[in-house]
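Heavy atoms only: backbone and side chains are in, while hydrogens, waters and symmetry mates are out. Chain letters run A, B, ... following the sequence lines, proteins first, then strands; residues in each count from 1.
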Protein chains: 2
Amino acid sequence: MQDEQFKSNTRRAVHDLRELIFSGELAAGTDHLESELAERLNMSRTPVREATLMLEAQGLLEVRPRKGVRILALSADDMDEIYEVLTELESLAAALAADAQYCKKDLNILAQSIDDMEVAVTNEDRVAWAKADADFHHELVRLSKNSRIMAIVSNFNDQVRRARMTTLHIRPLPQKSNEEHRALYDAIVSGDSKAAREIHWNHRTSARKMLTELLDSHGLKRV
Amino acid sequence: MQDEQFKSNTRRAVHDLRELIFSGELAAGTDHLESELAERLNMSRTPVREATLMLEAQGLLEVRPRKGVRILALSADDMDEIYEVLTELESLAAALAADAQYCKKDLNILAQSIDDMEVAVTNEDRVAWAKADADFHHELVRLSKNSRIMAIVSNFNDQVRRARMTTLHIRPLPQKSNEEHRALYDAIVSGDSKAAREIHWNHRTSARKMLTELLDSHGLKRV
DNA sequence: TTCCTCATTAATGTATACATTAATTAATTC
DNA sequence: GAATTAATTAATGTATACATTAATGAGGAA
């Protein structure tokens with residue numbers, strides 16, 4: 001055990017590599033040898049190998065022996081695939097949340113994140129908005145009480161993280177978005193799973209359309 | 001490199017451990033130390049460690065240091081979660097397949113597996129039926145042209161494999177099942193994505209209900 | 001008998017040496 | 001100059017030694 005916080009070097013490597021990938025320091029499309037990563041992380045190759053296997057399973061990189069570990073870049077097709085699944089599973093989560101008949105107290109975090117988004121839009125604080133938006137979606141999926149949906153959604157959100165951060169500062173300030181969040185909240189409060197599913201599906205579909213158009217209009221073929 | 005067929009011991013370990021898990025030889029709920037598995041597979045601990053990390057990511061086992069690698073057993077709740085996702089994503093796949101406007105030639109494999117199922121039911125050959133059924137579902141998802149849906153569905157099918165094999169010999173011979181397969185095929189041929197989605201959703205939902213009831217009535221709490 | 005402490009054991013995580021293998025470079029042939 | 005072969009280099013996969021750590025068992029005190 002080399003690091004108190006992470007209990008093992010493998011776990012630290014997973015964490016640190018994720019940070020490097022999301023920050024763009026390990027840029028999408030670049031290749032890195034095990035030995036390079038091991039040096040960079042100041043540990044032997046063994047935990048680095050273990051970490052890269054785990055990150056490959058998360059879809060963040062591809063292990064290519066002798067050519068280097070490639071940090072995966074998403075193509076437009078990748079984005080389409082991911083958002084097809086994300087839209088579907090989050091909409092299912094919304095329906096399940098509505099079916100669960102939560103009382104208002106159980107929905108506090110959801111309501112709070114909507115308010116936070118409102119404040120962020122008023123202040124034109126895009127970073128705060130993005131955080132509150134992520135909190136809303138995360139909480140929505142948690143309310144489905146299906147841990148597997150949570151795992152898949154979380155993983156796909158990791159994969160699109162760079163694209164979302166890239167577009168955060170070039171997209172229009174989200175005005176309509178929160179109306180849809182509120183409508184979804186209301187549908188969940190009233191236990192209307194059909195409405196919840198549709199509202200969220202439309203919300204996600206338009207968000208997806210905007211994301212892909214932005215990337216396209218800025219000539220970002222891979223991100 | 002120790003094994004020609006698999007290029008590496010790690011890959012062979014993944015393969016062999018999967019076989020052992022699906023066959024029940026490594027029984028659900030049992031714990032196994034790295035050293036035990038290494039002996040069993042006749043290799044050192046290193047590739048075994050790598051393989052168990054990969055299989056953990058596939059949801060087939062849980063790595064529990066010093067307590068042993070636990071072969072995961074599915075509870076009724078697990079089954080619910082898995083089938084919730086499977087139903088949703090396969091139904092999406094069905095809709096995408098219908099949207100794709102395939103010509104009949106492209107749907108040959110789908111049609112063939114329906115015929116194979118018909119023959120299997122006539123012959124009361126449950127194993128052949130199960131194979132044809134799996135082929136049908138696999139082909140359906142492939143027709144969606146979304147590799148991520150394919151990966152998720154494939155992985156969840158792995159997780160429920162033992163449960164399905166367990167119930168294969170105690171369930172009623174599937175008569176109605178193939179009617180639904182044919183109806184789905186027709187909906188895809190005619191490009192009716194709404195019908196495709198609904199037909200498959202109903203098909204999957206009743207199959208799920210039957211599976212969980214069978215496990216329940218036989219007192220199988222975990223499988 | 002129960003609880004606590006300490007010693008022992010063994011399982012794990014890691015670093016490293018080494019055999020294998022793939023890629024690159026150099027030398028030779030046409 | 002291009003193609004082929006041979007030699008060299010380095011990246012990988014693996015086994016193993018070892019340090020660390022968690023679990024277990026033994027012994028002693030209350």
Rounded to the nearest 0.5 Å, what separates atom [atom1] in [X] from atom [atom2] in [Y]?
X      : Y      : atom1 : atom2 : result
A:I188 : A:L140 : CD1   : CG    : 5.0 Å
A:D135 : A:I109 : CG    : CD1   : 9.0 Å
A:H138 : A:K131 : NE2   : NZ    : 10.5 Å

> When you look at B:E139 and B:Q112, which way does the side chain to side chain contact (heavy atoms under 4.5 Å, CB included) test go after all the steps?
Replying inline: CA-CA 11 Å; B:E139 178 64 8; B:Q112 184 62 57; over 6 Å; no

>> I'd like to know if the side chain of B:S75 pairs up with that of B:D78 as donor and acceptor (distance under 3.5 Å, no hydrogens or angles considered).
In response: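 On atom types as modelled, these side chains qualify, holding a pair under 3.5 Å.
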
> Under 3.5 Å, is there a donor-acceptor pair linking the side chains of A:E34 and A:T52?
Replying inline: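 A:T52 and A:E34 do not have a side-chain donor-acceptor pair below 3.5 Å.
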
[X] [atom1] to [N] [atom2]: how many Å, rounded?
X     : N      : atom1 : atom2 : value
B:R45 : D:dT16 : CZ    : C1'   : 9 Å
B:K7  : D:dT12 : NZ    : C1'   : 14 Å
B:N9  : C:dT21 : CG    : C1'   : 14 Å

>> As a quick check of understanding, evaluate side chain to side chain contact (heavy atoms under 4.5 Å, CB included) for B:I149 and B:L96, giving each step before the final call.
In response: CA-CA 11 Å; B:I149 294 177; B:L96 293 172; 4.0 Å; yes

>> Any side-chain to backbone donor/acceptor pair from B:T212 onto B:K209? Under 3.5 Å, distance only.
In response: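 Side chain of B:T212 to backbone of B:K209: a pair is present.
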
> With distance as the sole test, does A:R148 use its side chain to make a donor-acceptor pair with the main-chain N or O of B:E81 at under 3.5 Å?
Replying inline: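 Here the side-chain-to-backbone pair does not exist.
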
>> For DNA chain D, which residues of residues 26-42 of chain B approach it to below 4.0 angstrom with any heavy atom?
In response: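 Of all residues in residues 26-42 of chain B, none places a heavy atom under 4.0 Å from DNA chain D.
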
> Honestly, is A:R161 close enough over A:F22, meaning NZ or CZ under 6.0 Å from the six-membered ring centre and within 45° of the axis?
Replying inline: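 The answer is yes, since A:R161 meets both limits relative to A:F22.
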
>> I need the residues from residues 46-71 of chain B with at least one non-hydrogen atom less than 4.0 Å from DNA chain C; give them sorted by number, or say none.
In response: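 Nucleic-acid contacts, sorted: B:R49, B:P65, B:R66.
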
> How sharply is the helix from C:dT1-D:dA30 to C:dC30-D:dG1 bent, taking the axes over five pairs at either end and rounding to 10 degrees?
Replying inline: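 What I find for the helix from C:dT1-D:dA30 to C:dC30-D:dG1 is an axis angle of 10°.
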
> Looking only at N and O atoms, is any donor in the side chain of A:R11 or the base of C:dG13 less than 3.5 Å from an acceptor on the other one?
Replying inline: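 Donor-acceptor pair under 3.5 Å: no.
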
